[in-house]
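Shown next, in structure tokens, is the structure this report addresses.
Index from 1, following the sequence. Just so you know, these numbers use all the heavy atoms, side chains as well, and skip hydrogens, waters and symmetry mates.
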Amino acid sequence: MVDVLAGRRLVTREGAAVEAEVALQNKVVALYFAAGRCAPSRDFTPLLCDFYAALVGEARRPAPFEVVFVSADGSAQEMLDFMLELHGAWLALPFHDPYRHELKKRYNVTATPKLVIVKQSGEVITSKGRKQIRERGLACFQSWVEAADVFQNFSG
């Protein structure tokens, strides 16, 4: 379980609630700070979708990876619209959860989009996930898994 989200409830883009402990157990977690009104977020999100789909959605054995969207949108409706329009089948911290602001501070998020890859403890593997995906594609995932110390049989 990712300690940083312990006890939190996450939501799917369809609105279903999921316990963070269950959904994130033994996975590399990417905290995705973004906003639908932000052009760079709208530009990067489809790339993240493809990355996520290749690792989790389309793989024979899904990789131990999960994205948690932390919205910087102006309203819950903006967040939902962005999720429905461009997001993959990943999870999100609910808009009205004030913990969104604590996460932004903890991970020094001053601009969006930002993709912070974290270990189970919440310790940062890299705060440059977006850059690494753009430059290295799926190859960057293996180094994240190795740094995360999660049990895995991923050989991507």
Looking at side-chain heavy atoms only, is the closest gap between [X] and [Y] below 4.5 Å?
| X | Y | value |
| --- | --- | --- |
| Leu93 | Leu31 | no |
| Pro64 | Asn26 | no |
| Gln25 | Glu21 | no |
| Leu10 | Val68 | yes |
| Val70 | Tyr107 | no |
| Val11 | Leu91 | no |
| Arg130 | Tyr32 | no |
| Val118 | Ile125 | no |

Inset, instruction - Under the side-chain contact (heavy atoms from CB on, under 4.5 Å) rule, what do Asp3 and Gln120 come out as? Steps first, then yes or no, please. - result: CA-CA 6 Å; Asp3 295 343; Gln120 297 286 291; 5.9 Å; no
Inset, instruction - Examine Phe69 together with Trp90 and report whether their ring centres are nearer than 6.0 Å. - result: no
Please answer whether the main-chain N or O of [Y] pairs with a side-chain N or O of [X] as donor and acceptor at a distance below 3.5 Å.
| X | Y | result |
| --- | --- | --- |
| Glu19 | Gly7 | no |
| Glu66 | Ala30 | no |
| Lys114 | Gly129 | no |
| Thr45 | Arg42 | no |
| Glu78 | Gly74 | yes |
| Asp73 | Gly36 | yes |
| Ser71 | Phe95 | no |
| Asp97 | Tyr99 | yes |

Inset, instruction - Return yes when atom NZ of Lys104 has more than 12 non-hydrogen atoms of other residues, nucleotides or ligands closer than 6.0 Å, and no otherwise. - result: yes
Kindly give the heavy-atom pair with the smallest separation between [X] and [Y], and that separation in Å.
| X | Y | value |
| --- | --- | --- |
| Ala147 | Lys119 | O-CE, 3.0 Å |
| Pro113 | Pro40 | CD-CB, 3.5 Å |
| Ala92 | Met83 | CB-CE, 3.6 Å |
| Leu86 | Pro46 | CD2-CG, 4.3 Å |

Interatomic distance, [X] atom [atom1] to [Y] atom [atom2] [nearest 0.5 angstrom]:
| X | Y | atom1 | atom2 | result |
| --- | --- | --- | --- | --- |
| Leu80 | Glu14 | CG | CD | 10.0 Å |
| Gln132 | Arg136 | CD | CZ | 6.0 Å |
| Arg37 | Met79 | CZ | CE | 12.5 Å |
| His101 | Lys105 | NE2 | NZ | 8.5 Å |
| Asn108 | Ser127 | CG | OG | 8.0 Å |

Inset, instruction - Check the pair Leu5, Leu103 against side-chain contact (heavy atoms from CB on, under 4.5 Å), reporting the backbone distance first and the verdict last. - result: CA-CA 9 Å; Leu5 293 168; Leu103 287 174; 4.1 Å; yes
Legend entry - Under-4.0 Å salt bridge between Lys131 and Glu135: yes
Legend entry - Connected via hydrophobic side-chain network under 4.5 Å: Leu47 and Ile117: yes
Inset, instruction - Say whether Leu138 and Trp144 are linked into one hydrophobic cluster, either directly or through other cluster members, by side-chain heavy-atom distances under 4.5 angstrom. - result: yes
Inset, instruction - Return the orientation label for the Phe82 and His87 ring planes: parallel under 30°, perpendicular over 60°, tilted otherwise. - result: perpendicular
Inset, instruction - Evaluate the ring planes of Phe65 and Phe51, with Trp represented by its six-membered ring, and classify them as parallel (under 30°), tilted (30 to 60°) or perpendicular (over 60°). - result: perpendicular
Inset, instruction - Would you verify whether the NZ or CZ of Arg134 falls within 45 degrees of the ring axis of Phe44 while also being under 6.0 Å from that six-membered ring's centre? - result: no
Inset, instruction - With side-chain contact (heavy atoms from CB on, under 4.5 Å) as the test, would you mind laying out the steps for Val18 and Arg9 before giving the verdict? - result: CA-CA 6 Å; Val18 193; Arg9 205 166 249 185; over 6 Å; no
